[in-house]
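There's a structure below that I have some questions on.
The model shown is predicted, which means the values in this text are computed figures rather than measured ones.
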Amino acid sequence: MADYEVPKLTGEGYCEVPAVRDDVMKGKGPYIAKPDFQTALHFPADFDAAGSLVPNWKERALDKMADLKGRYRSLQVFLDICVKCGACTDKCHYFIGTSDAKNMPVARQDLLRKVYRRYFTFAGKYFPKLVGATDLTEEVLADWYNYYHQCSQCRRCSVFCPYGIDTAEISMAAREILDHVGYGQKYCNEIIGKVFKIGNNLGLPGPALFDTVEGLEEDVEADTGIKVRFPLDEDGAEVLLVTPSADFFAEPHIDGLIGYAKVFHETGVTWTMSTIASEAGNFGMFIGSYETMRRVSLRVREAAIKHKVKRIVFGECGHAWRVAYSFLNTLAGPFDFLDQRYPIPQHILEFTWSHIQAGNLQIDKTENDDKVLTFHDSCNVARGSRMGDYPGGQFDIPRNVIRAVCNNFVDMPADTIHDATFCCGGGGGLLTDDLMEIRVKGIQPRAEALKHVSINNGVTHMAAICAICKSQFTKVLPYYGFTMDQIVSVHQLVSNALVLQRQVSVQARPDDEDGDED
């Protein structure tokens, strides 16, 4: 299946720390963004992909580094305080899977830290060799581009760092510097451009979305005998659902969207999706650009105001929830026009769990008896957000929902879940085929934990609440002997178990009031 070595699984539930090797994953990195993708994001587009850097690339890079360390005090702190204790060295899934020395978090940080010391510290300016300072050269810049795209910004290393250094923030800074010298990544920048132009990561135009939701209504009615609506661009609903665009077209994502719709249907809460904000994901975080994150987030505010909703609910997407939970109010607030009695924003799992607790949903758990489930804690949910009104809710609420709709649930080993969860291997802007080798190797620790519970506990399926995780797992876990259909959405499980009882009158769509589509 691959022209590179795929790590072997033992089924023991843990991975041996590999012997450190140099330059195993050294290379050119992912595809470089075309000029059109750069200019759409207001980045310079004069990098020559053939290898010739523009004359002032170094000044641009150092100017941007100065801007970032001045703008984000945490970045300078993280660059200053590392003592090379080694606590993080074996915590990265990419180091475990590749054994490349530069994939140790401390070493990956040092690619930027050495340049920072050379130009922004007294010792580095005058005694560079004594403090490990390095000149910014074309070779160093190439290493940045290669190895900072072998970091999924999962933050697992930060959990174990005694100083709380956030490697993800350093990776984000490096990528933003690269973008500002025209050295952007094709995958992320092309996707963000689609959001600005069309409204979602996949470039799905409004008519395609309308066709999709109409088809889903027909499918659900054929399956259940009950008309469940999938409203789009409707004004006056209580809830605006903002969900990853993967939910509109691919399994297991679309099965989760069906689950959301069934929950809203049974609770009687009116809702709508919006073509203005038909994407929950925000790749601005992956490239480290606050300005881009803000431009993407403002679509959500625009849609909420346009459709006159009272609440904003986010679907199953890991980094989307982190941006929403941690930054949305800063990026696009204040949201004083929403109903202040509810969380702003709210996760779909919080919504569903509250109605399960209230007894508003009739559940038949036996509908999932063909499965023994485990759950993957997505990085950005586990380490960058929360659910509910208490610490740890982001761990409890997904599992509570799964247990409420399934009879058979088993957790993976304790050191691979909750805030110690291993990344899927495809997050942080790495979900692209030109990075398939690092994706396959990076998933090893999660695959090992899944293999363990499969052998010892009979686990047949793994549920996830992140669009990137689901896409990565279905593509990459087959390299380790699993099948694509073993990955499910949590709301897919809800959909299976939810007993639909509520009959409602069918409302015409805004674009179809006379019965004829334009």
Using a 3.5 Å cut-off and no angle test, enumerate the donor-acceptor pairs between side-chain atoms of residues 415-425 and protein atoms at least two apart in sequence or in another chain.
unit_1	atom_1	unit_2	atom_2	d
Thr416	OG1	Pro413	O	2.8
Thr421	OG1	Asp377	O	2.8
Thr421	OG1	Arg446	NH2	2.9

Side chains of Arg399 and Arg403 in contact at under 4.5 Å (non-hydrogen atoms)
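Arg399 reaches Arg403 side chain to side chain.
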* Considering non-hydrogen atoms only, spot the tightest contact between Ile312 and Ala304 and give its length. =>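 The pair with the smallest heavy-atom distance is CD1-CB, 4.0 Å.
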Problem set entry | Exam field: side chain Gln38 to backbone Asp179, donor-acceptor pair closer than 3.5 Å |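 Side chain of Gln38 to backbone of Asp179: a pair is present.
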| said: Has Ser385 got a side-chain atom pairing as donor or acceptor with Gln394's backbone, closer than 3.5 angstrom? | reply: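 Flag not set: sc Ser385 to bb Gln394 has no pair under 3.5 Å.
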Exercise. When rounded to the nearest 0.5 angstrom, what distance separates CG in Leu204 from CZ in Phe210?
Worked result: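 Reported value, rounded in 0.5 Å steps: 13.5 Å.
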Kindly indicate, with the supporting measurements, whether the criterion side-chain hydrogen bond (donor to acceptor under 3.5 Å, both in side chains) is fulfilled by Ser158 and Asp166.
-> CA-CA 5 Å; Ser158 68; Asp166 188 347; 5.0 Å; no
| field | Polar contact flag, side-chain donor to acceptor under 3.5 angstrom, Lys470-Ser489 | value |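 Ser489 and Lys470 do have a side-chain donor-acceptor pair below 3.5 Å.
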TODO: Assess whether side-chain contact (heavy atoms from CB on, under 4.5 Å) is satisfied between Tyr163 and Phe78, documenting all intermediate values.
DONE: CA-CA 9 Å; Tyr163 294 92; Phe78 295 151; over 6 Å; no
| message | Let me confirm one number: the CG-CG distance from Leu209 to Leu202, rounded to the nearest 0.5 Å. | response |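 With rounding to 0.5 Å, CG (Leu209) is 9.5 Å from CG (Leu202).
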ask   = Yes or no on side-chain contact (heavy atoms from CB on, under 4.5 Å) for Arg155 and Cys379, after CA distance, side-chain angles and deciding distance?
value = CA-CA 7 Å; Arg155 294 176 167 81; Cys379 303; over 6 Å; no
Checklist entry - Short question: side chain of Trp353, backbone of Asp396 - any donor-acceptor pair under 3.5 Å? => result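 No.
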Practice item. Check for a donor-acceptor pair, side chain of Arg299 on one end and backbone N or O of Val296 on the other, with a separation under 3.5 Å. Key: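 Here the side-chain-to-backbone pair exists.
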Say you draw a straight line from SG of Cys92 to CE of Met104; how long is it, rounded to the nearest 0.5 Å?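 One gets 10.5 Å once the value is rounded to the nearest 0.5 Å.
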> Do NZ/NE/NH1/NH2 and the carboxylate oxygens of Glu234 and Lys308 come within less than 4.0 Å?
Replying inline: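 Here Glu234 does not pair with Lys308 in a salt bridge, since their nearest N and O are not under 4.0 Å apart.
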**Message:** Please evaluate residues Gln346 and Arg311 with respect to the criterion side-chain hydrogen bond (donor to acceptor under 3.5 Å, both in side chains), reporting the C-alpha separation (whole Å), side-chain torsions for both, the decisive distance (0.1 Å), and the verdict.
**Reply:** CA-CA 8 Å; Gln346 188 174 34; Arg311 304 162 66 176; 2.8 Å; yes
Find out whether Asn329 and Ile344 are in side-chain contact, i.e. whether some heavy atom of one side chain is under 4.5 Å from a heavy atom of the other.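 They are not in side-chain contact.
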When you measure from the side chain of Thr39 to the backbone N and O of His42, does any donor-acceptor pair fall under 3.5 Å?
->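 No: the side chain of Thr39 does not pair with the backbone of His42.
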### Heavy-atom pair with the smallest gap, counting every atom of Leu331 and Met293
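Reported closest heavy-atom pair: CD1-CE, 3.9 Å.
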Margin query: For Met462 and Leu477: C-alpha separation, side-chain torsions, deciding distance, then whether side-chain contact (heavy atoms from CB on, under 4.5 Å) applies.
Written below: CA-CA 11 Å; Met462 179 166 62; Leu477 277 177; 4.0 Å; yes
Is the side chain of Arg439 donor-acceptor paired with the backbone N or O of Lys475 at a distance under 3.5 Å, no angle test?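 No; judged by distance alone, with no hydrogens or angles, the pair does not exist.
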Note to self: Looking at His491, is its backbone amide N or carbonyl O close enough to the side chain of Ser495 to form a donor-acceptor pair, meaning the two atoms are under 3.5 Å apart?
What the structure shows: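 No: the side chain of Ser495 does not pair with the backbone of His491.
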Item checked: For Ser245 against Asn200, the heavy-atom pair lying closest together ->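 Answer, listing the atom of Ser245 first, then Asn200: CB-CB, 3.7 Å.
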Taking Ile287's backbone N and O only, do any of them form a donor-acceptor pair with Glu176's side chain (distance below 3.5 Å, no angle check)?
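No; zero donor-acceptor contacts below 3.5 Å.
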- Message: If only side-chain N and O atoms count, and only distance matters, is there a donor-acceptor pair under 3.5 Å linking Ser171 with Gln153?
- Response: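 Note: Gln153 and Ser171 side chains miss the donor-acceptor criterion.
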For this session: State, to 0.1 Å, how close Val106 and Cys88 come at their nearest heavy-atom pair, and which atoms those are.
Result: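 Scanning both residues, the minimum pair turns out to be N-SG, 3.4 Å.
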Cut-off 3.5 Å, no hydrogens considered: what does the side-chain donor-acceptor table look like for residues 249-260, sequence neighbours left out?
unit_1	atom_1	unit_2	atom_2	d
His253	NE2	Ser471	OG	3.3
Tyr260	OH	Asp247	OD2	3.0
Tyr260	OH	Glu316	N	2.9

Counting distance only, does the side-chain N/O of Arg113 pair as donor-acceptor with the main-chain N or O of Leu79 below 3.5 Å?
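Confirmed, Arg113 side chain pairs with Leu79 backbone.
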(message) Using side-chain contact (heavy atoms from CB on, under 4.5 Å), reason through Met65 and Leu112 one step at a time and then give a plain yes or no.
(response) CA-CA 10 Å; Met65 187 181 292; Leu112 186 70; 3.4 Å; yes
I'd like to know if Asp339 and Arg341 make a salt bridge, using a cut-off of under 4.0 Å between side-chain N and carboxylate O.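 Yes.
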- Determine whether the aromatic ring centres of Tyr325 and His347 lie less than 6.0 Å apart.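 Judged by ring-centre distance (under 6.0 Å), Tyr325 and His347 do not meet the cut-off.
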Check your understanding: Is there a donor-acceptor pair under 3.5 Å between the side chain of Arg383 and the backbone N or O of Cys154?
Key ->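 Judged by distance alone, yes, a pair lies under 3.5 Å.
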Would you say that Asn146 contacts Gln150 through its side chain, given a criterion of any heavy-atom pair below 4.5 Å between the two side chains?
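The answer is yes; the side chains approach within 4.5 Å.
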Any side-chain donor paired with an acceptor under 3.5 Å for Asn380 and His319?
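Absent: no donor and acceptor within the cut-off.
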- request: Taking all non-hydrogen atoms of both residues into account, name the closest pair between Phe375 and Ala464 and its distance.
  value: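 Closest approach of Phe375 to Ala464, heavy atoms only: CE1-CA, 4.3 Å.
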- Electrostatic pair Glu238:Lys310 at N-O distance under 4.0 angstrom: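 Looking at Glu238 and Lys310, the cut-off is not met.
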Can you see whether Phe160 has Lys91 sitting over its ring - NZ or CZ less than 6.0 Å from the centre and within 45° of the normal?
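Yes, cation above the ring, under 6.0 Å and within 45°.
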Going by heavy atoms in the side chains, are Met172 and Tyr148 under 4.5 Å from each other?
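No, every pair of side-chain atoms sits at 4.5 Å or beyond.
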_Whether Arg301 engages the ring of Phe335 as a cation-pi pair (distance to the six-membered ring centre under 6.0 angstrom, angle to the ring normal within 45°) should be assessed._
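The answer is yes; both the distance and angle limits are met.
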| field | Ser152 and His93: side chain donor to acceptor below 3.5 Å | value |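 Note: Ser152 and His93 side chains meet the donor-acceptor criterion.
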What pairs with Tyr94 under ring pair (Phe, Tyr, Trp, His ring centres under 6.0 Å), at least two apart in sequence or on another chain?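 Applying ring pair (Phe, Tyr, Trp, His ring centres under 6.0 Å) to Tyr94 gives none.
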- Side-chain contact test, heavy atoms from C-beta onward, threshold under 4.5 Å: evaluate it for Phe314 versus Thr243 and give yes or no.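 Not touching, per the 4.5 Å side-chain cut-off.
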* Asked: Are Ile356 and Val494 close enough that some pair of their side-chain heavy atoms sits under 4.5 Å apart?
  ->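 Ile356 vs Val494: side chains apart.
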**Report entry** CZ on Arg108 to SG on Cys151, rounded to 0.5 Å
**Finding:**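 Here the interatomic distance stands at 4.5 Å.
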Heavy-atom side-chain contact between Val309 and Val239 under 4.5 Å
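They are not in side-chain contact.
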| task | Measure up the Phe283 and Phe286 rings against each other and bin them: parallel (under 30°), tilted (30 to 60°), perpendicular (over 60°). | result |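 Because their plane-to-plane angle lies in the 30° to 60° range, the rings of Phe283 and Phe286 count as tilted.
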- Item | For the student: nearest non-hydrogen atoms of Asp434 and Tyr31, plus distance |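 Where Asp434 meets Tyr31 most closely, the heavy atoms are OD2-N, 2.9 Å.
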Practice item. Over 60° means perpendicular and under 30° means parallel, so classify the ring planes of Tyr183 and Tyr145, tilted if in between. Key: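 The rings of Tyr145 and Tyr183 lie parallel, inter-plane angle below 30°.
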What's the separation between atom CG in Asn282 and atom SG in Cys317, rounded to the nearest 0.5 Å?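 Asn282 atom CG to Cys317 atom SG measures 9.5 Å (nearest 0.5 Å).
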Notebook entry, point to check: Atom SG in Cys188, atom CG in Leu430: separation rounded to 0.5 Å?
Noted result: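 So the gap between those two atoms works out to 8.0 Å.
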- Salt bridge flag under 4.0 Å for residues Glu291 and Arg71: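 Looking at Glu291 and Arg71, the cut-off is met.
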Exercise for review: Determine the sole option in Trp271, Tyr342, Phe264 for which the ring-ring contact (aromatic ring centres under 6.0 Å, His included) test with Phe351 is passed.
Suggested key: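 Answer to the ring-ring contact (aromatic ring centres under 6.0 Å, His included) test with Phe351 among Trp271, Tyr342, Phe264: Phe264.
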